[in-house]
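Residues: numbered from 1 along the sequence shown. If you're wondering where the values come from, they're calculated on a predicted model, not measured in any experiment.
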Amino acid sequence: MKKQVATFCLVNAVLTGFAQTDSTRVIPPKELPSVHVGIGAMYFRGDYGQDNGIQVATRPALVFGVEQRLGAFLSAGVDGLYGKLATNERSLISNRNFESKALQFGVKGIFHFDNDVLLKRDAPLAPFITAGVGFLLFDPYGDLKDAHDSTYYYWADGSIRDLPETPANQLTAQQLQRDYTYETQLKDSSAAYARNSIVVPLGLGFRFASGRNFGGSVSATYTLCFTDYIDNVKTGGNDSYMLLSASLFYRFGREKTVDRSRYNDVDFKSIYKDDYDQDGVPDNRDDCQGTPKGVTVNSSGCPVDSDRDGVPDYRDKEPDSKRGYVVDENGVALNYKLIAENAYSDSISALKDSMFRADPSLATLNRIEQLSKQQNSNPANGGTTTSILPPDIQPADKDNNNFITAAEITKAIDEFFDGEGNWTVEKINKLIDFFFDQ
């Protein structure tokens, strides 16, 4: 009990060391996961417009994830996004476009600057850095036709027509307007490339908190893709994209406020050093309270048990018991032969009792007497009775052989009724019990 009190006080001592100036202390709960969800914009960088004519195309994305803080500096998380990647190229020599759905998921590590070294852990605004690895699914499509299935032809005057730019088509070609519906799956005529890729996202951002459970973050993440086919063109290095996102998060677990004013008069330092049994091990680390004075203990405050039989040395009457032997409360290895003999004796006593209950007669007593004689003649018992006759019923043993016969039982009962000797009901019952157990 004293150990529990000391431990409780020690916990409060730690809390006091970090306490605020008022009479309460807000104690954060055990670190639990947080869930994140947000939106972002994806900016693709690939092979379109390397020389000229690029038009940056942004597409929205949904981001989500789960994060677990592992300590002051690091977190681990799983995250994903669903969005689109796209680019349009328009020039006198090239007119291309593509859009691809993007589904990505992966794992990441986060380095936090609010680590009580660079910034306080509860800083309202704190930067972070992320790095991870993921898997991206993509499938590029192009806007090559309008809603009426007319193919786009780009003319030098900047118009889009339904026929190629030739002198013969100058008067008959109809102008078209792009409908920005990406209806045609793009393929490479020379290679059937995989429409997935390993990706490595690297990011940085800022996280802000609103209380313990809610907060948000803004971040920029550069993602390097291990493929050059996201835009269906392979002309150089691998493709990549930038994601700018804003997220909200919810952190599980609730704070609790503890009133510490009631402990103002407690000397926590002295409690931390308290040693109730004075064995040299403070109570907050003592697993065995109440060790007798002078007994040698280990680092956990428990008495030394050299032979590891469960009985400490200071109570062990056999301090070098063989490993694996069952011992009694004094640490002495049990005699299995004696245990077997006692078990045999108990079974015989039970048999005698059941015989007399079935037929309480003098004849039964004579049979029980013969059974006892056979039992005591067993060489394992040394050829003698294993019981010693108590002094108060010694007068019944007429031949002084420490063995009660059925005739001696009968004689004692007769003396009881005749008022001879010092027999009582209790002594008669005791004599009969001895008769059954001998």
Worksheet item: CG/Leu103 to CG/Leu81 distance, rounded to the nearest 0.5 angstrom?
Response: 7.5 Å
Worksheet item: Quick check, are the ring centers of Tyr222 and Tyr241 under 6.0 angstrom apart?
Response: no
Item to complete: Look at the side chain of Asp437 and the backbone N and O of Phe434, then say whether any donor-acceptor pair between them is shorter than 3.5 Å.
Response: no
Practice prompt. Using the side chain to side chain donor-acceptor pair (under 3.5 Å) rule, take Ser75 and Lys108 through it: C-alpha gap first, then chi angles, then the decisive distance, then the call.
Written response: CA-CA 8 Å; Ser75 290; Lys108 65 179 180 181; over 6 Å; no
Worksheet item: Would you call Glu99 and Arg59 a salt bridge, taking side-chain N to carboxylate O under 4.0 Å as the test?
Response: yes
Worksheet item: Under the ring-ring contact (aromatic ring centres under 6.0 Å, His included) rule, what pairs show up with a residue in residues 165-212, not counting sequence neighbours?
Response: Tyr193-Tyr229
Practice prompt. Tell me, please, whether Tyr153 has Arg161 positioned over its six-membered ring: NZ or CZ under 6.0 Å from the ring centre and within 45 degrees of its axis?
Written response: no
Worksheet item: Looking at side-chain heavy atoms only, is the closest gap between Thr221 and Leu202 below 4.5 Å?
Response: no
Fill in: Residue pairs fulfilling ring-ring contact (aromatic ring centres under 6.0 Å, His included) with at least one residue in residues 281-305, sequence neighbours excluded
none
Worksheet item: CG/Leu85 to CD1/Ile230 distance, rounded to the nearest 0.5 angstrom?
Response: 6.0 Å
Discussion item. What I'd like to find out is whether the side chain of Val199 reaches to under 4.5 Å of the side chain of Leu224, using heavy atoms alone.
Written reply: no
Worksheet item: How many angstroms lie between atom CD1 of Ile393 and atom CD1 of Ile432, to the nearest 0.5 angstrom?
Response: 10.5 Å
Fill in: Distance, nearest 0.5 Å, that separates OH of Tyr276 from OG1 of Thr291
11.0 Å
Discussion item. Can you list everything that forms a side-chain hydrogen bond (donor to acceptor under 3.5 Å, both in side chains) with Arg315? Sequence neighbours excluded, please.
Written reply: none
Worksheet item: With sequence neighbours left out, what residues match Phe64 under ring-ring contact (aromatic ring centres under 6.0 Å, His included)?
Response: none
Worksheet item: Would you say the side-chain atoms of Asp277 pair up with the backbone N or O of Gly290, donor to acceptor, closer than 3.5 Å?
Response: yes
Item to complete: Run the salt-bridge test on Glu67 and Arg207 with the 4.0 Å N-O cut-off and return the result as yes or no.
Response: yes
Worksheet entry | Test item: side-chain donor near acceptor, Asn95 and Arg90, under 3.5 Å | yes
Worksheet item: Would you say Pro292 and Tyr314 make side-chain contact, with heavy atoms under 4.5 Å?
Response: yes
Worksheet item: Is it true that the side chains of Gln175 and Ser159 contain a donor and an acceptor less than 3.5 Å apart?
Response: no
Worksheet entry | Pairs flagged by side chain to side chain donor-acceptor pair (under 3.5 Å) wherever residues 296-310 is involved - sequence neighbours left out | Ser306-Asp313
Discussion item. Suppose we screen for side-chain hydrogen bond (donor to acceptor under 3.5 Å, both in side chains). Which residues come up paired with Asp179, at least two apart in sequence or across chains?
Written reply: Tyr152
Practice prompt. State plainly whether the residues Arg178 and Asp146 are in salt-bridge range, i.e. N to O under 4.0 Å.
Written response: no
Discussion item. Looking at every heavy atom in both Ser219 and Phe128, which two are closest together, and how far apart are they?
Written reply: CB-CZ, 4.1 Å
Item to complete: Show your reasoning for whether salt bridge (Lys or Arg N to Asp or Glu O under 4.0 Å) applies to Arg69 and Asp114.
Response: CA-CA 12 Å; Arg69 189 102 177 209; Asp114 57 335; 3.5 Å; yes
Item to complete: State plainly whether the residues Lys234 and Asp239 are in salt-bridge range, i.e. N to O under 4.0 Å.
Response: no
Worksheet item: Is the shortest side-chain N to carboxylate O distance from Asp139 to Arg195 below 4.0 Å?
Response: yes
